[in-house]
Amino acid sequence: MYSAAIIIFGKTVQEKCRLFNEKVANVKESILKGNVAFALPLMRYFWSNNCKEKCGEKRIPVCIAFTDPTIAFIQSTDKTSTVHQQTGWQSPVPEAWIHLQPPHPGAAASSRSKAAATSSHCIACGSGACSKALLEPWDWSSLPIRKGAECGINAEVEKQLEMGKKLLAAGQLADALSHFHTAIEGDSDNYIAYYRRATVYLAMGKSKAAIRDLSKVVELKQDFTSARLQRGHLLLKQGKFDEADKDFKTVLKSNPSDNEEQEARSRLMKSDELQRLHSQALSEYRREDYAAAITLLDEILAVCLWDAELRELRAECYMKEGELGKAINDLKAATKLRSDNTEAFYKISTIYYHLGDHELSLSEVRECLKLDQDHKPCFSHYKQVKKLNKQIISAEELIKEGRYADAISKYESVMKTEPNVPVYATHAKERICHCFSKDQRSVEAIKACTELLHLEPSNVNALKDRAEAYLLEEMYEEAVKDYETAQANSENDQQIREGLERAQKMLKQSQKRDYYKILGIKRNARKQEIIKAYRKLASQWHPDNFQSEEEKRQAEKKFIDIAAAKEVLTDPEMRKKFDAGEDPLDAESQQGGGHPFHRSWNTWQGFNPFGSGGPFTFKFHYS
């Protein structure tokens, strides 16, 4: 496209030129509308076909005053002159072609230019009564002819437009956009530049920017029906029915092509249908039939994709129906469609908060305050979420550090901070149950976990933690049952699978020999406690303390078990195996048969149960 140009065809007296009246009229109309790109091919046609071949010696005189540098100024009547190569015209310029400039204040103009600028005569024959003139005389003073000094600027604009067009076709949107920006900076009245930039914006999903550019196109060129149709379509997507209808109706009044008329009528009908559905959706919402309203809004939003208000309305319906995930999706779309949508950010934050996702809730309420730091609901909600979030993060850090008692205290504070949202109380109880179990406070763990499991019977984490507490209390059957329930709710959890296998081994083991029970200690007893218990029992069950042979044989068996328990539980590796459900002194549990630690009573003859430095030494004498 060329920014502005005046092309005037005069009239040859040759009768054969009458056949081109209609095309000349089209040229004139195109020029008046600024569509020079349409006029140029016709101009070439006149010169190459009509003037040169059909009209003989007399050629159609053409007065050219182009402001676009891709069309050369013809300043010579020399027959050897040629038009600038960028036009593609290589034919000699006829003598009758002249460069016509309107007179400028303070500047002298040639007599021929002045005469042509004000003449009411036919430019070709000079007759004021030429009845065969193709064009009416022009009033040059009213025509938009620019000074030749502007040609360099417009050359750069055309270059940027052409480069942008090529990049757009290649899908390089960002680069194309940059060239169209530059073209508009060089010529702010170039409607083609705005139209092409709008095309790029649409491809990039920037509908608001595209509408602004299309509005500028329509302002600069009101009969550009394609731009008006496109803008109407975008306005319809935004749910701006009245504005879209106005564009479609304007197209219908502007003598559109058949395709344009059909498209405008079709979209008008669609707009009417959408407005009817909108009214019905509002009616269903007021009647609190949210499911029906959602169905209607789904149909509307299939077309009005960029209507933030409709999405917020559907989000409200989803919230009423308990579909909070879908509500969040619509509200997030609404925040992107309207950048200052503080209410949408606030609603998203509150939904996340009630779902128990305090971190996302905090993130969304901060977005609200970025837009309006004085937003009272957002600020109040922000303080609450921030406090709760800080407590939970602090409690989790304490758990990582193994400071379980402090973590329990912190989670008790969480329940006080937010007593009205059940999800936080449930989460706090779950973590307290976990802390008791990890801290090997088995009785408290069983109580806390059981309390939670009354509320959530399938809470896998609580089941695992209670199972571990049951193992500490040597309640193996209960532990196995909890792990089986947990596995039924989480089949692929490796930790549950391993825990269940361990609990089953310990149950089987308990039915044989349990070294912890033999010494009368808990499974989490320390080494000092083990030795202390051993010494006490060894002294109590030493065979020398018994007189009858039967009593001595029972004491021997008991003493051997006590000594074996001490040996296994004071050896870290052997104790680890035993805690995993394997008896290091049981030949059946050892691959390869018997175990070197399997001992008879004679092995313990002369054994000092009190260890080195003890006050007693035992010697056994049997007949």
Side-chain angles (χ1 to χ4, degrees), residues 318-328 346-366 368 377-470 472 478 481-483 485-486 488-490 493 495-496:
Y318 279 137
M319 291 170 66
K320 297 290 185 181
E321 291 291 295
E323 298 186 67
L324 299 182
K326 292 181 179 180
I328 288 173
Y346 174 66
K347 288 178 182 177
I348 294 171
S349 179
T350 56
I351 292 173
Y352 276 133
Y353 185 77
H354 284 85
L355 287 173
D357 199 330
H358 50 92
E359 292 181 337
L360 282 176
S361 177
L362 186 61
S363 175
E364 295 296 332
V365 77
R366 281 172 173 161
C368 174
C378 279
F379 185 68
S380 175
H381 183 60
Y382 168 73
K383 290 192 295 183
Q384 171 70 6
V385 181
K386 184 180 179 182
K387 180 179 180 181
L388 189 71
N389 183 68
K390 184 177 180 181
Q391 288 176 334
I392 293 174
I393 290 175
S394 175
E396 290 302 314
E397 289 176 351
L398 290 169
I399 291 174
K400 289 180 181 179
E401 295 170 5
R403 297 167 59 186
Y404 300 113
D406 292 337
I408 289 169
S409 177
K410 188 65 69 174
Y411 267 117
E412 287 172 347
S413 298
V414 168
M415 289 190 285
K416 293 177 182 178
T417 299
E418 183 48 85
N420 300 318
V421 181
V423 66
Y424 292 107
T426 300
H427 176 70
K429 289 177 181 179
E430 179 185 307
R431 299 306 283 164
I432 288 172
C433 157
H434 176 72
C435 290
F436 278 134
S437 181
K438 295 295 288 184
D439 204 26
Q440 297 188 341
R441 294 164 65 179
S442 54
V443 175
E444 293 98 323
I446 292 171
K447 181 180 178 181
C449 295
T450 301
E451 181 182 349
L452 175 60
L453 287 167
H454 281 314
L455 300 173
E456 293 185 355
S458 60
N459 188 308
V460 172
N461 291 327
L463 286 167
K464 289 191 294 185
D465 288 326
R466 190 173 70 172
E468 289 298 313
Y470 279 143
L472 289 173
E478 290 83 349
K481 184 178 179 180
D482 271 359
Y483 268 125
T485 305
N489 289 281
S490 182
D493 191 317
Q495 185 182 11
I496 293 175

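Every value quoted in this text rests on a predicted model; they were computed, and no experiment measured them.
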| Hey, does the side chain of Ser409 reach the backbone of Ala405 with a donor-acceptor pair shorter than 3.5 angstrom? | no
| query | Are the side chain of Gln384 and the backbone N or O of Thr417 linked by a donor-acceptor pair below 3.5 Å? | reply | yes
| remark: With sequence neighbours left out, the residues meeting side-chain hydrogen bond (donor to acceptor under 3.5 Å, both in side chains) with Thr485 are none
| task | For residues Lys464 and Asp493, determine if any side-chain heavy atom of one lies less than 4.5 Å from a side-chain heavy atom of the other. | result | yes
| request: Determine the sole option in Arg431, Arg466, His434, Glu430 for which the side chain to side chain donor-acceptor pair (under 3.5 Å) test with Asn461 is passed. | output: Glu430
| task | Heavy atoms only: give me the nearest Met415-Lys429 pair and the separation to one decimal. | result | SD-CG, 4.0 Å
| Is there side-chain contact between Asp482 and Glu478, with at least one heavy-atom pair below 4.5 Å? | no
| message | For Tyr411 versus Ala395, what's the shortest heavy-atom pair and its separation? | response | CE1-CB, 3.4 Å
| said: Parallel, tilted or perpendicular, judged at 30° and 60°: which one describes the rings of Tyr353 and Tyr424? | reply: tilted
| request: Assess whether side chain to side chain donor-acceptor pair (under 3.5 Å) is satisfied between His381 and Ser349, documenting all intermediate values. | output: CA-CA 9 Å; His381 183 60; Ser349 179; 3.1 Å; yes
| Contact check, side chains of Val423 and Leu355, non-hydrogen atoms, under 4.5 Å | no
| field | Donor-acceptor under 3.5 Å (Glu323 side chain, Gly325 main chain) | value | no
| query | Which atoms form the tightest heavy-atom contact between Ile351 and Met319, and what is the distance? | reply | CD1-SD, 3.8 Å
| field | Nearest heavy-atom neighbours spanning Ser361 and Val385 | value | OG-CG2, 3.7 Å
| query | Looking at OG of Ser490 and CD of Gln495, how far apart are the two atoms once the value is rounded to the nearest 0.5 Å? | reply | 10.0 Å
| What's the spacing between Cys368 SG and Tyr346 OH if we round to 0.5 Å? | 9.0 Å
| task | Inspect the surroundings of NZ in Lys347 and state if more than 12 heavy atoms from other residues, nucleotides or ligands are less than 6.0 Å away. | result | yes
| Minimum heavy-atom distance between Glu359 and Asn389, given as atom pair plus value | CG-OD1, 3.4 Å
| note | Between the CD1 atom in Ile432 and the OG atom in Ser437, the distance rounded to the nearest 0.5 Å is 13.5 Å
Pair up each side-chain donor or acceptor in residues 438-448 with any protein partner under 3.5 Å, not counting sequence neighbours, and list the distances.
unit_1	atom_1	unit_2	atom_2	d
Gln440	OE1	Asn524	ND2	3.2
Ser442	OG	Glu473	OE2	2.4

| Tyr352 side chain near His358 side chain, heavy-atom distance below 4.5 Å | no
| message | Quick one, Lys386 and Lys390 - any side-chain contact, counting heavy atoms below 4.5 Å? | response | no
| remark: CG of Asp465 to SG of Cys433, rounded to nearest 0.5 Å, is 4.5 Å
| request: Return yes if some donor-acceptor pair links the side-chain N/O of Glu456 with the main-chain N/O of Asn459 below 3.5 Å, else return no. | output: no
| field | Straight-line distance of Leu360 CG to Ile328 CD1, nearest 0.5 Å | value | 8.0 Å
| field | Minimum heavy-atom distance Val460-Asn489, with the two atoms named | value | CG2-CB, 3.8 Å
